[in-house]
Asker: 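Next up is a structure, given as structure tokens.
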Amino acid sequence: ITQWDSILITNIDGAYTNGIYKSVAFIATLPIVLVTILHTRLLPFFSKLNGEKKHSEISSFLWKNMKYLIALLSIGYIISLLIYQPVLNLALEAEIVKQAGFLFPIILLAICIQILITPFVSILQAIGKENIITIIYSLQVIIFLTISTIMYPTYSYNIFPYLLLVINTFSLLILGLLSYTKLQKCNINEG
């Protein structure tokens with residue numbers, strides 16, 4: 001969400017510990033590029049349909065294709081679970097893998113959930129509800145900063161992946177529900 005994790009780790013436990021955590025986190029977050037790819041494809045498409053007042057087509061496209069996105073991410077996640085240990089061993093020093101490698105699956109799952117949020121963000125932007133996205137993302141940052149600051153002294157960098165997982169899951173549910181609700185409202189206004 002922010003670089004707050006690095007700031008906390010570096011200031012409390014030092015740059016070496018930050019390097020250990022960030023090395024694993026960086027590799028686990030590589031799929032985040034899919035957010036940009038999806039958003040770049042979906043936003044113009046949803047915006048065009050919104051301009052044509054075809055909100056039911058947006059809904060239909062979304063729900064029809066979400067199952068494919070979920071399936072792709074699930075398959076990718078399962079494959080990653082099978083190969084991440086050898087990949088980390090190739091990419092990183094043994095000490096780094098030993099100390100933080102176990103966080104890889106949790107961070108990757110949080111990233112997969114972040115990717116699933118993308119279609120809902122694209123819809124809300126396409127229908128002119130950017131304010132909702134701003135509020136949700138602001139809450140994400142506030143929650144992350146507050147809870148991580150309070151819990152870091154007890155749980156060290158282990159808190160970040162779990163916190164990110166919870167925050168992303170919450171955001172997925174809220175943004176999904178709000179997208180659905182706003183599209184339903186648009187459909188009622190059309191008819």
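For clarity, every value in this text was computed on a predicted model and none was experimentally measured. Count residues from 1 along the sequence.
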Asker: By the definition side chain to side chain contact (heavy atoms under 4.5 Å, CB included), identify the one residue from Val87, Asn89, Leu81 that meets it with Gln85.
Answerer: Asn89
Asker: So Phe102 and Asn158, do their side chains get closer than 4.5 Å, heavy atoms only?
Answerer: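 Counting from C-beta outward, Asn158 and Phe102 do come under 4.5 Å.
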Asker: Do Leu43 and Phe45 sit in the same hydrophobic cluster, where Ile, Leu, Val, Met, Phe, Trp and Tyr count as joined when their side-chain heavy atoms come under 4.5 Å apart?
Answerer: no
Asker: What's the spacing between Lys129 NZ and Thr181 OG1 if we round to 0.5 Å?
Answerer: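 One finds 11.5 Å between NZ of Lys129 and OG1 of Thr181.
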Asker: Are any non-hydrogen side-chain atoms of Val166 and Tyr162 less than 4.5 angstrom apart?
Answerer: no
Asker: Which atom pairs, donor and acceptor, lie under 3.5 Å between side-chain atoms of residues 63-73 and protein residues at least two apart or in another chain?
Answerer:
unit_1: Asn65; atom_1: ND2; unit_2: Phe61; atom_2: O; d: 2.9

Asker: Is the shortest heavy-atom distance from the side chain of Ile78 to the side chain of Ile75 under 4.5 Å?
Answerer: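 They are not in side-chain contact.
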Asker: Can you tell me if Asn50 uses its side chain to pair, donor with acceptor, with the backbone of Ala126 under 3.5 Å?
Answerer: yes
Asker: Is atom CD of Gln184 surrounded by more than 12 heavy atoms (other residues, nucleotides or ligands) closer than 6.0 Å?
Answerer: yes
Asker: Testing Leu178, Leu172, Leu177 one by one against Ile174 for a side chain to side chain contact (heavy atoms under 4.5 Å, CB included), which residue passes?
Answerer: Leu178
Asker: For Ile20 and Ala100, which heavy atoms make the closest approach, and how far apart are they?
Answerer: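 In terms of heavy atoms, the two residues are closest at CG2-CB, 3.7 Å.
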Asker: With rounding to the nearest 0.5 angstrom, report the CD to CG distance, Glu57 to Leu62.
Answerer: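 With rounding to 0.5 Å, CD (Glu57) is 13.5 Å from CG (Leu62).
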Asker: Roughly how far, to the nearest 0.5 Å, is the OG atom of Ser171 from the CG atom of Leu164?
Answerer: 9.5 Å
Asker: If you take all heavy atoms of Thr29 and Phe26, which pair is closest and at what distance?
Answerer: OG1-O, 3.0 Å
Asker: What's the separation between atom OG1 in Thr10 and atom CG in Asn18, rounded to the nearest 0.5 Å?
Answerer: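 That separation rounds to 3.5 Å.
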Asker: Within the supplied structure, the quantity of interest is the number of heavy atoms (other residues, nucleotides, ligands) at a distance under 6.0 Å from Tyr180 OH; does it exceed 12?
Answerer: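 Open: at most 12 neighbouring heavy atoms sit under 6.0 Å from OH of Tyr180.
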Asker: At their closest point, which heavy atom of Tyr152 faces which heavy atom of Ile12, and how far apart are they?
Answerer: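 Looking at all heavy atoms of both residues, the shortest contact is CD2-CD1, 3.5 Å.
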Asker: Check whether Leu30 and Leu82 end up in the same hydrophobic cluster, where Ile, Leu, Val, Met, Phe, Trp and Tyr are linked by side-chain heavy atoms less than 4.5 Å apart.
Answerer: no
Asker: Side chains of Asp13 and Tyr157: closer than 4.5 Å at any heavy-atom pair?
Answerer: no
Asker: Show the nearest heavy-atom pair for residues Ala28 and Pro31, with the distance to one decimal.
Answerer: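 Scanning both residues completely, I find the closest heavy atoms to be O-CD, 3.4 Å.
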Asker: Any heavy-atom pair between the side chains of Val24 and Gln99 that's under 4.5 Å?
Answerer: no
Asker: Please check if the number of heavy atoms outside Tyr77 that lie under 6.0 Å from its OH is greater than 12.
Answerer: yes
Asker: Hey, quick one: are Leu173 and Ile142 part of the same hydrophobic cluster, counting side-chain heavy atoms closer than 4.5 Å, chains of contacts allowed?
Answerer: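 Not linked; separate clusters.
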Asker: Give, for atom CD1 of Ile96 and atom NZ of Lys22, the distance between the pair rounded to the nearest 0.5 Å.
Answerer: 14.0 Å
Asker: Any chance you could measure Met151, atom CE, to Leu163, atom CG, to the nearest 0.5 Å?
Answerer: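 It is 8.0 Å, given to the nearest 0.5 Å.
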Asker: For residues 104-124, please give each side-chain donor-acceptor pair under 3.5 Å, one per line with the distance, not counting sequence neighbours.
Answerer:
unit_1: Thr118; atom_1: OG1; unit_2: Ile115; atom_2: O; d: 3.1
unit_1: Ser122; atom_1: OG; unit_2: His39; atom_2: ND1; d: 2.8
unit_1: Ser122; atom_1: OG; unit_2: Thr118; atom_2: O; d: 3.1

Asker: Identify the heavy atoms of Leu8 and Ser148 that sit nearest to each other, and give their distance.
Answerer: CD1-O, 3.7 Å
Asker: Write down the atom of Ser23, the atom of Leu92, and the distance for their closest heavy-atom approach.
Answerer: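 Here Ser23 and Leu92 meet closest at CB-CD2, 3.7 Å.
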